[in-house]
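Owing to the predicted nature of the structure, the values given are computational and were not obtained by experimental measurement. Residue numbers start from 1 in every chain, and the chains themselves are labelled A, B, ... in the order their sequence lines are given, proteins ahead of strands.
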Amino acid sequence: MNLKLHVWRQKGPKDKGRFETYDATDVLEDMSFLEMLDVVNDGLEAEGREPIAFESDCREGICGACGCMINGQPHGHKARTTTCQLHMREFSDGDEIVIEPFRAKAFPVIKDLVVDRSSFDRIIQSGGFITARSGSAPDANAIPVAKVEADRAFDAATCIGCGACVASCPNASAMLFTGAKITHLGLLPQGQPERYLRVDKMVSQMDSEDFGHCGNFGECTLACPKSISLDVIAQMNTDYITAQFKGRDI
Amino acid sequence: MSIELKSNAPTGPIDSAWSRHKFDIKVVNPANKRKYTVIVVGTGLAGASAAATLGELGYNVQNFCFQDSPRRAHSIAAQGGINAAKNYQNDGDSVYRLFYDTVKGGDFRSRESNVYRLAELSVNIIDQAAAQGVPFAREYGGLLANRSFGGSLVSRTFYARGQTGQQLLLGAYSGHAAQVAAGNITMFPRHEMLDLVTIDGHARGIITRDLISGEIKSYAADAVILATGGYGNVFYLSTNAMGSNVTAAWRAAKRGALFANPCYTQIHPTCIPVSGDHQSKLTLMSESLRNDGRVWVPKDAKDCWNNDKAAVGRHPSQIPDEDRDYYLERRYPTFGNLVPRDVASRAAKLSCDEGRGVAFNGRGVYLDFKEAIGRLGQEEVAARYGNLFEMYERITGANPYTEPMRIYPAIHYTMGGLWVDYNLQSNTPGLFVLGEANFSDHGANRLGASALMQGLADGYFVIPYTLGHYLAEVGPRKNDAESSEFKGTEETVKGRVNKLLNVKGKRSVDSFHRELGHLMWEKCGMARTKEGLEEALERIPAIRDEFWNNVSVPGDGADLNQSLEKAGRVADFLEFAELKVGDALHREESCGGHFRLEHQTEEGEAKRNDDDFAYVAAWQFNGVDKKPTLHKEPLEFDHVKPSQRSYK
Amino acid sequence: MSWLSRFLRSTIGQKIVMAASGLMLVGFVLAHMVGNLQIFIGADALNTYAAMMQGNQGPLWVARLGLLGAIGAHIWSAVKLTIAAKGARPVAYKKRSWFDERYAVRTMRVGGMIVGAFIVFHLLHFTVGYFEGGFQHCADINGVFTCFAYQNVIGGFANPLVGVFYIVAQVFLGLHLTHGVWSMTRTLGFGNPRFDLIARKVAMVVGLIITIGNCSIPVAVMAGYLN
């Protein structure tokens, strides 16, 4: 099939950026979306032109490196799929595809489709962990964890940190990401000692990164390649309210 | 240069070796730890756990990774699980049994002392991970669940659905994040290590390129730890991530560190086959599929049905049982479809070599669930493999409930790596190597669910002690990134970057990588011959020459330039490949992941030569286009007696 | 107080202010509707109810100030959050499509503003009494405190444009509530999946009841059922 791509090109953070149009010819339906871009880039490179910069690493949907807006949706229109796992059989001959970087103040564009998501790392660094010094752990079976709770914690823990939630949210909110980590750790007995300190710290870090708020629209959970449930945001709210009554100062 | 390979492994009873060693080695006074700067390259399981633990101890850690975040290292993609000799199942597991299985599984090409320590530490890893909040699978009573894995008779694998690597890495990453917040780790994401700096023979720092600004910069330290993963991408197509590369390890090798056993590569039998020349990577499907799936190819090559539209042949559903060749069941009546990874992989290749393959270019075999669906019902099959079937359908567009899956082996893991002693220190003092980047624990073949175990054992529980020993011995020194050694190396790196940018040829970087990868897969892949390897040794330098004369790297070095990043890595693969092929050629035996067609039993199984090759082959780099020097570390087996594997 | 200012500056804190004030307002809206529906019982019932309310100025003003505070808090948090949200995505997408096409979630701000404008109009209309046709204030008639709410309603909807505006505003209020009431439960931390299904249905029912109940009055007047 042959496609027309409208791709955001931006030389660097200071460049204004613009859309450029490329023809992707002889695209096979077995190609992944990124392999289609690889072929376009291969052509550009052989001509000595700068290829479209985009991020990807594992290309099996788990590392969270890839991601761009494809026709107005993060990772494209196919639910529960990362950009690297989106295949060209989802498109048809003659389609025009608009490809843009994830847009948020907290995700500044570095180049073309590559954005800086280090704000996510800073949110985790602010408290998204259980302090457990290496070598100090008790036997793993010393603390039983109800299967239901362990499974719920796991569901929240599958977040790959790709940023699709922020990209899809009308408010560019990072609450699905932050709520996922707070829920994962807050549901486990190991996470209790730091539970309320954690939510206080992580929420204030999240806010300071200039993300928007949650309007419970639910677009994030539908765009999330791992289908992280909106429940994690409610859980974060519960913990945040509780934290107000616990009276700890950070 | 004469190099003596001293393993520094403690002698005496093996079960107390590590405890005695920990007592015998020196420790750094807590107040002095702050005075030492340690560079860690890589943030996978080994790198992140090492950086976090060293940060907790009070060292001043500088941690580098080429990804945008430490959480993206490729350990994240490991699916199956992590072994530990907890014996929670009361099925007779023990540290000794895990040790035994690992040595045997490695086809008797690993160092016993290291493997024993690994088995011993495995139990601590599970404790550590659970304390960090890794959501392992649990039983209803709230205790940890286990599953079985290949190559073992006990159930000792801990898992978090099909995402164990992700959960363990996020656990290590969270501990790492805490240390970043505490100021003990300075994190440098989007920084690629491009050279190692040695002063007076000791590793004293690295040169990196900031992938955003293009700045080439020196970082000086008291010790350098490489946790930079394996070299599987020398094959271009592998289950590794796009960015996985050999550069850090290879640059260290070019600065004097020995590279051990580069010919050992593991092939995973159940991956999704290549679908065309555009293919950029291969996706693994869990090995558990072979528990219920039956592997076959058509008896008659005329029946082979390919994906490309012009292909002839019968659709698999139209091929009656009598026209199918269930070759694993036929050749291995006892183990059938459950033979080990290397055996299953070679058998698939053999069938395809006979012209009976069923995917693009005839490189695929069927994995059929029809019988399982009939026996268990579709619901049960969905409960067991639903997520895998969904993944398969997402990638291939075919529905495995109604037509057989097509699978083919792919490069998955590399057992070789930089040579290290018992302390995980290379022959270059101050250079430590952890995880897949070293050669130490898996011999010629790695058992399933052991890679995660090794990475974390190295990072959480080995390096904190052994690094201290080195630092205590050398004492505090001045770390000066402005010294002539650093400046000189920095200039070399800059020269190389500029050279890449100034070739201004006509071929894309990927086209060279693909060409090299194809050659490596054909000549140094699942089955190797003397002639094939010799041919590869002739062709690699030719590809390398063309690369340096005709590669096109657009843009400049002063900003994010992904072509330049790839070009640097491919240039290193083009040098490293020659070493790998040379190692495969020199090892006149078959063992584990190294199969030489000349050396097989009458039944077609790997035939080891313990008399001549029971050693670690550690290669010393002497210059591009020059022959490397072989150093041998003899392997002695005091506990597990070498035997011939059989799966008939 | 550093705790409180931090709470009020956080996005979650502001959402909690919005949810808590929203809870007060939805309670009022429901009670207000129930009171007004007495119009269908008859003029006396409604007028007696009005007289009871107007005759207790003390409690009435307490309630009014409370409501004013809730509205103020609701608007304050909405404005703060909206400004922050606009700032969170300075560059808009060239092309945008949604997984979730539901209308209600997309009209919270517009709907809120329409409802806000409606409240101002409504107060001028029936409380202050600006409308053509002669608004009758409560008065002491023969020693009996008497109100003319029924007559005012009939007169107030004499202009069909007013009636239509009321109906449009009630539809937006209903949409606002079908998302708002559910969203409120989430913000206040009730995320249990079992509870969630109920909360979604309750929100839908509340939105529907408010719309139908409140629209029934102008519709009945304009249709001539009430006169």
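- Per-residue counts of heavy-atom pairs under 4.5 Å with chain C were compared for A106(A), S168(A), P101(A); the largest is that of S168(A).
- Among A234(A), S173(A), G72(A), the residue with the largest count of heavy-atom pairs under 4.5 Å with chain C is G72(A).
- The interface of residues 210-223 of chain A with chain C, defined by heavy-atom distances below 4.5 Å, comprises D210(A), F211(A), G212(A), H213(A), C214(A), G215(A), N216(A), F217(A), E219(A), L222(A), A223(A).
- Interface remark: F19(A) contributes side-chain atoms only to the contact with chain C (heavy atom separation under 4.5 Å).
- Atom OH of Y225(C) is surrounded by 12 or fewer heavy atoms from other residues, nucleotides or ligands within 6.0 Å.
- Looking at I16(C), only its side chain comes within 4.5 Å of chain A, counting heavy atoms on both sides.
- The neighbour count for K11(A) NZ, taken as heavy atoms of other residues, nucleotides or ligands under 6.0 Å away, is above 12.
- More than 12 heavy atoms of other residues, nucleotides or ligands sit less than 6.0 Å from atom CZ of R18(A).
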Derivation of the side chain to side chain donor-acceptor pair (under 3.5 Å) call for T187(C) and N237(A): CA-CA 6 Å; T187(C) 305; N237(A) 292 336; 4.6 Å; no
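- For N171(A) against R109(C), the heavy-atom pair with the smallest separation is OD1-NH2, 2.9 Å.
- Open room surrounds CE on M53(C); 12 or fewer heavy atoms of other groups in view lie less than 6.0 Å from it.
- In this structure, the side chain of N71(A) does not engage the main chain of S97(C) through any donor-acceptor pair within 3.5 Å.
- Closest of all the heavy-atom pairs between R89(C) and V166(A) is NH2-O, 2.8 Å.
- Residue V91(C) comes nearest to R103(A) through the heavy atom pair O-CD, 3.4 Å, listed as atom of the first residue, atom of the second, then distance.
- For H6(A), no part sits under 4.5 Å from any heavy atom of chain C, backbone or side chain.
- Taken to the nearest 0.5 Å, the NZ atom of K78(A) stands 10.5 Å off from the CZ atom of F99(C).
- Across A79(A), A167(A), A104(A), the residue that shares the most heavy-atom pairs under 4.5 angstrom with chain C is A167(A).
- The contact between K94(C) and chain A is made by backbone and side chain atoms together, counting heavy-atom distances below 4.5 Å.
- Without hydrogens or angle criteria, R96(C) side chain to P170(A) main chain gives no donor-acceptor distance under 3.5 Å.
- Taken to the nearest 0.5 Å, the CD1 atom of I241(A) stands 8.5 Å off from the CD1 atom of I12(C).
- With chain A as partner, the option from G189(C), A92(C), A88(C), P90(C) having the largest number of non-hydrogen pairs under 4.5 angstrom is A88(C).
- Using modelled atom types, no side-chain atom of R9(C) and backbone atom of S204(A) make a donor-acceptor pair closer than 3.5 Å.
- Of residues 201-211 of chain C, not one residue has a non-hydrogen atom less than 4.5 Å from any non-hydrogen atom of chain A.
- Atom CD1 of I233(A) sits about 10.0 Å away from atom NZ of K15(C), to the nearest 0.5 Å.
- The structure places NZ of K105(A) at 15.0 Å from NZ of K86(C), a figure rounded to the nearest 0.5 Å.
- Of the possible polar contacts, none joining the Y93(C) side chain to the E100(A) backbone as a donor-acceptor pair under 3.5 Å is found.
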